[in-house]
Amino acid sequence: MESSSHLSLTRRALVAAAAATAGATTPEGADAQPASAGNSSTDAGTPAMTSVSLRVNGELRSLELDTRTTLLDALREHLQLTGSKKGCDHGQCGACTVMVDGRRVYSCLTLAVMHEGDEVTTIEGLGQPETLHPMQAAFVKHDGYQCGYCTPGQICASVAMLEEIKAGVPSHVTADLMASPQLTAEEIRERMSGNICRCGAYSNIVEAITEVAGRQA
Amino acid sequence: MRPFTYERARTPAEAAAAAARNPGAKFIAGGTNLLDLMKLQIEVPSHLIDVNGLGLDRIEATPEGGLRIGALVRNTDLATDERVRRDYGVLSRALLAGATGQLRNKATTAGNLLQRTRCPYFYDTNMACNKRQPGSGCSAIGGITRHHAVIGASEACIATHPSDMAVAMRALDAVVETVRPDGTARQIPMAEFHRLPGETPHIETALERGEFIAAVTLPPPLGGQQFYRKVRDRASYAFALVSVAAVVQRDGTGRVALGGVAHKPWRVEAAEGELTRGAKPAMAAILGGARPTHENAFKLTLAERALASVLADAKG
């Protein structure tokens, strides 16, 4: 237990350091720009605090938060649920994907305070090391990752995505809008385009999802 | 992100009144574009009015035979609605061509209309941008313009509107229903909802301060074959270089609106008579007066070929 928490802390520190380095060397854009501007935020007013209660992985959690806190930061920094990852923090990479009331969303692009009473499911709620969710087991079996950073988001997104297909939600590649969407590799790829894997494990991810979908059908 | 206070509005009128009371306020629904811009301090509201609790999340049949889409209907739900898939395929297709599953689950009908341009010079706060900082100039002009407008632009701004949904709604002659801060309602045709940049590119819509979108109404179904052909740099999750929303009838007549070419969904009704003569004359009429740069002149050819492909598919 002790060694595993030590390991996770080391891993987090490493990731944080890597992110900071990336920010310092990025010439323009998201990471580099707000660091200095952020310090002047008190000019525009003092932080406003709000209380919010949400159900996270079946447990009611009440928090007192700065209104600016995203759902992702609430999960990671306030509830210590660090399975959901911060990749781009701009809704472009999918690493922060969680389910809110059963639907997949980017937790970095929504405020925690907007989720009063909502049911949030993170990767920790889907499965645990000793009780893996079938999708987690399939990702292990098919080697659906390399570094693993995008994996919690990939798994949350894929579990919710299969529910969307079941519910008849069409996609860009669905040929007939009036027919039930089919579970083809093309459909899976299109529907998972909101989750980037920098290691390029896509083909194995498609295999993992296909296996779970086949088992469900 | 700058600090802001937060409230949940219970009725559209209350939301509009709260916005009128707070000059620095913004409505927030899905938040997928607004929060992105707030993180970059391009949007710096001092107060957020959460409108998610207003109950405007239904799609209802209208007495005229059309559909009334609540402002808060999520993009996924609108694209999936059986009536939309059956009778307004161009709208369903346009929605599905945009963003990702996660974003469509959050993004709302009204928010989609109000999203800001993805012009990289608007996003880069070190660059001059008349939209972000009126009067500061336009760094896009003379810059890298591959993605920019080819028609209807001005000396002040050459940004495009990023929405796919709005292009389909323009083709369908949708009407935006709003509530003003004094409680009065009005209807704004899609043709007049988004503005060309002119001298004031920071004013993007016909909405007044505090005016709140309650719904978007679709006229009765047009029938015909409906298409949304989007051409982009990636197969998925990318904004349009050019997109064509089209409704084509059996006799070859129809309607066409374009995305990716202007500051608003681009439709020229007077040019649609040319559709029966083919893509070339039709697109020449639709994009007559275009002033592309050497980097985005390809959009004219691309639009014509995208329309040709749609017309070929319509013939079957």
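Nothing here was measured: the structure is a model prediction, and the numbers come from that model. Every chain is numbered from 1, with letters handed out A, B, ... down the list of sequences.
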Are [X] and [Y] side-chain neighbours, meaning at least one heavy-atom pair lies under 4.5 Å?
X: L35(B); Y: H90(A); result: no
X: P170(A); Y: L96(B); result: yes
X: R104(B); Y: V169(A); result: no
X: K39(B); Y: T70(A); result: yes

Problem - Atom pair NE2 (H172(A)) and CG (D164(B)), whose distance is rounded to the nearest 0.5 Å - result: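 Rounded to the nearest 0.5 Å, the NE2-CG separation comes out at 9.5 Å.
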Handout entry: Atom pair CG (L91(B)) and CG (L177(A)), whose distance is rounded to the nearest 0.5 Å
Key =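 Answer for the CG-CG pair, L91(B) versus L177(A), is 10.5 Å.
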Any idea which of [options] has the most non-hydrogen atom pairs under 4.5 angstrom with chain B?
options: M49(A), Q92(A), M161(A), R191(A); answer: Q92(A)
options: S171(A), G91(A), A167(A), A157(A); answer: S171(A)
options: V173(A), D89(A), T50(A); answer: D89(A)
options: E164(A), M178(A), M192(A); answer: M178(A)

Exercise for the section: Sort T97(A) into side chain, backbone, both or neither according to what part of it lies under 4.5 angstrom from a heavy atom of chain B. Expected result: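 The side chain, not the backbone.
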Handout entry: D66(A), part contacting chain B, at a heavy-atom distance under 4.5 Å
Key =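 Neither part.
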Problem - Neighbours of chain B found in residues 111-127 of chain A - heavy atoms under 4.5 Å - result: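 Near chain B, by residue number: L111(A), V113(A), M114(A), H115(A), E116(A).
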Problem - Within residues 101-109 of chain A, residues adjacent to chain B where the heavy-atom gap is under 4.5 Å - result: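 R103(A), R104(A), V105(A), Y106(A), C108(A), L109(A) fall under the 4.5 Å cut-off.
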Problem - Residues of residues 222-237 of chain B with any heavy atom under 4.5 Å of a heavy atom in chain A - result: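 R232(B), A235(B), S236(B), Y237(B) fall under the 4.5 Å cut-off.
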Practice task
Using heavy atoms and a sub-4.5 Å threshold, report which of residues 77-90 of chain B line up against chain A, by residue number.
Solution key: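 Checking residues 77-90 of chain B against chain A gives D77(B), A79(B), T80(B), E82(B), R85(B), R86(B), G89(B).
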Exercise for the section: Check T100(B) against G194(A) and note the closest heavy-atom contact, atom names and distance. Expected result: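 Looking at all heavy atoms of both residues, the closest pair is CG2-CA, 3.4 Å.
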Handout entry: Shortest non-hydrogen separation from R93(B) to D176(A) and the atoms involved
Key =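 Closest pair (atom of R93(B), atom of D176(A), distance): NH2-N, 4.2 Å.
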Problem - Per-residue contact mode, D36(B) against chain A (heavy atom under 4.5 angstrom) - result: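 Both backbone and side chain.
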Practice task
Go through the atoms of A29(B) and report whether side chain, backbone, both or neither lie under 4.5 Å from a heavy atom of chain A.
Solution key: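 Backbone only.
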Exercise for the section: Look at L95(B), I28(B), L34(B), N52(B) and state which one has the largest set of heavy-atom pairs under 4.5 Å with chain A. Expected result: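 Most pairs with chain A among the choices: I28(B).
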Exercise for the section: For atom CZ of R118(B), decide whether the heavy atoms of other residues, nucleotides or ligands shown that lie under 6.0 angstrom number more than 12. Expected result: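 Counting other residues, nucleotides and ligands, CZ of R118(B) exceeds 12 neighbours.
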